[in-house]
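Nothing here was measured: the structure is a model prediction, and the numbers come from that model. The basis for the numbers below is simple: all heavy atoms, side chains too, and nothing from hydrogens, waters or symmetry mates.
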Amino acid sequence: MSNTNFYTLNNFLRNRHGEKVMKLSIDGGFTCPNRDGTIGFGGCIFCNDNGSGTANSALSITSQMEEQILSLSTKWGNINKYIAYFQSYSNTYASVNSLKLKYETALSYKNIVGLAIGTRPDCLSPEIITYLSELNSKTHLWVELGLQTIHNETANFINRGYDLDCFTNAVYELSSKNIEVVAHIILGLPNETREDMLQTARFIANLPLQGVKIHMLHIVNNSPLAKLYEKNPFSLLSQEEYIELVSQILQILPKNFVIHRVTGDGEREHLVAPLWTLRKKHVLNEFNNYLRVNNIYQGCKFPPDF
């Protein structure tokens, strides 16, 4: 694990591509079946009008990439390799022809070595999975699926719009094509206990995943959740509680799972709560120190006891 207590995305990409690789977040102009009325309106309650994305949707795909490369070069210096990350909304919610145009526009840009696609498990038709399999033979591909929780009551509350079987079936379908799959889980969802969150982690630990993204629940403005929170504020995890919980989760995840994220990137202008997540560097330092002091390593308690 290259002198760290868990298998980071940075280490994984360095191992795979031989040097540092950065992601370019892209808004491909997609929407979501949970927004356009196909299965619902308004989306998941934690999503605002940006669809959990940060890219500038007014720009073309190429212009978005150029803008981000310039910004990243200012911070990191010369980077030679990038992953095109289709992040906002549901990025397989379109025809195969539309997907080909968008994805291959991104892949044709210089120094792009792979493609990451964030989507919903109910937006993966057999035809789309076949196309993704073709892409997978040409470039480094992974697909990110939002699970958030395994608990039906919470899933209904957050207006997720699909059941657990839908998620699990999509994981196995993609995995059968040797496509890397990354699951998103959210900690701190209303009314979930610590044990509820650990149950979600134990569940994904036994799936054929490539990795996981662990998020603290962010309440962002202009989201249905923000309106609920304003009317009736509910308890959120403290930084200390979050760090301790993530450390427990890491212990029960397989050592080969890539940990794509252990805390989110809340935008100051949109974040309502919890405000401690804005200090990402501080949170990561405290988290890594907690792991070292307590001698905690990813996978040290895998397989988990149920």
Side-chain angles (χ1 to χ4, degrees), residues 25-58 85-91 93 118-120 122-123 144-162 167 183-194 196-197 200 213-243 245-246 260-284:
S25 295
I26 298 169
D27 186 327
F30 295 93
T31 183
C32 174
N34 205 13
R35 286 178 173 272
D36 68 4
T38 301
I39 63 170
F41 294 96
C44 298
I45 66 170
F46 49 78
C47 260
N48 63 10
D49 294 338
N50 295 324
S52 296
T54 59
N56 186 348
S57 60
Y85 178 29
F86 283 84
Q87 180 182 16
S88 302
Y89 303 105
S90 301
N91 292 277
Y93 188 44
T119 193
R120 294 167 56 91
D122 56 355
C123 295
E144 300 187 8
L145 300 177
L147 171 62
Q148 324 313 356
T149 178
I150 64 169
H151 301 287
N152 288 331
E153 186 173 347
T154 309
N156 291 335
F157 175 77
I158 64 175
N159 195 38
R160 191 177 65 187
Y162 52 84
F167 173 85
H184 289 227
I185 62 173
I186 294 180
L187 307 183
L189 289 166
N191 302 316
E192 286 213 340
T193 65
R194 176 181 298 271
D196 289 334
M197 292 177 258
T200 293
K213 275 189 174 178
I214 305 170
H215 302 261
M216 172 61 198
L217 177 66
H218 282 171
I219 301 173
V220 294
N221 61 8
N222 300 319
S223 68
L225 186 61
K227 295 175 184 177
L228 289 172
Y229 186 74
E230 182 180 353
K231 290 180 181 178
N232 185 25
F234 48 84
S235 178
L236 295 168
L237 295 173
S238 68
Q239 176 184 302
E240 294 73 22
E241 290 171 328
Y242 183 79
I243 287 173
L245 181 57
V246 175
H260 285 237
R261 173 171 287 174
V262 294
T263 185
D265 294 296
E267 293 184 89
R268 187 174 299 274
E269 63 268 31
H270 297 301
L271 186 67
V272 175
L275 296 179
W276 60 260
T277 61
L278 291 171
R279 300 192 299 163
K280 183 177 180 180
K281 186 175 181 180
H282 171 77
V283 175
L284 289 174

Please give me the minimum heavy-atom distance between [X] and [Y], naming the atom from each residue.
{"X": "His218", "Y": "Thr277", "value": "NE2-OG1, 3.3 Å"}
{"X": "Ser25", "Y": "Gln87", "value": "OG-OE1, 3.1 Å"}
{"X": "Gln148", "Y": "Phe46", "value": "NE2-CZ, 4.0 Å"}
{"X": "Val272", "Y": "Leu275", "value": "O-CD2, 3.7 Å"}
{"X": "Asn91", "Y": "Phe86", "value": "ND2-O, 3.0 Å"}
{"X": "Phe30", "Y": "Ser90", "value": "CB-O, 3.5 Å"}

Rounded to the nearest 0.5 Å, what separation is found between the [atom1] atom of [X] and the [atom2] atom of [Y]?
{"X": "Ile219", "Y": "Leu225", "atom1": "CD1", "atom2": "CG", "result": "5.0 Å"}
{"X": "Ile185", "Y": "Ile214", "atom1": "CD1", "atom2": "CD1", "result": "5.0 Å"}
{"X": "His151", "Y": "Asp196", "atom1": "NE2", "atom2": "CG", "result": "4.0 Å"}
{"X": "Cys47", "Y": "Asn222", "atom1": "SG", "atom2": "CG", "result": "12.5 Å"}
{"X": "Leu284", "Y": "Arg279", "atom1": "CG", "atom2": "CZ", "result": "12.0 Å"}
{"X": "Leu145", "Y": "Thr119", "atom1": "CG", "atom2": "OG1", "result": "7.0 Å"}

(request) Kindly assign one of parallel, tilted or perpendicular to the pair His184 and His215, based on the angle between their ring planes and the thresholds 30° and 60°. (result)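 Geometry flag for His215 against His184: parallel rings.
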(message) Are Leu228 and Phe157 packed together at the side-chain level, in the sense that at least one heavy-atom pair is separated by less than 4.5 angstrom?
(response) yes
(message) Please enumerate all residues that pass side-chain contact (heavy atoms from CB on, under 4.5 Å) together with Ile39, with sequence neighbours excluded.
(response)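 Scan of Ile39 (side-chain contact (heavy atoms from CB on, under 4.5 Å), adjacent residues dropped) gives Pro33, Asn34, Arg120, Asp122.
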Atom pairs and distances, side-chain donor-acceptor, residues 231-238, under 3.5 Å, sequence neighbours left out:
{"unit_1": "Ser238", "atom_1": "OG", "unit_2": "Glu241", "atom_2": "N", "d": "3.1"}
{"unit_1": "Ser238", "atom_1": "OG", "unit_2": "Glu241", "atom_2": "OE1", "d": "3.4"}

(message) Enumerate the salt bridge (charged side-chain N to carboxylate O under 4.0 Å, His left out) contacts for residues 144-160, please, sequence neighbours excluded, ordered by first and then second residue.
(response) Glu144-Lys213
(message) Suppose the criterion is salt bridge (charged side-chain N to carboxylate O under 4.0 Å, His left out): which pairs have a residue in residues 219-230, not counting sequence neighbours?
(response) none
(request) Please list, chain by chain and in numerical order, all residues satisfying side chain to side chain donor-acceptor pair (under 3.5 Å) with Thr263, sequence neighbours excluded. (result) none
(message) Just to verify, what does Asp36 make a side chain to side chain donor-acceptor pair (under 3.5 Å) with, not counting sequence neighbours?
(response)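 Applying side chain to side chain donor-acceptor pair (under 3.5 Å) to Asp36 gives Thr38, Tyr93.
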(message) Surrounding CG of Asn156 (heavy atoms of other residues, nucleotides or ligands, distance under 6.0 Å), is the total greater than 12?
(response) yes
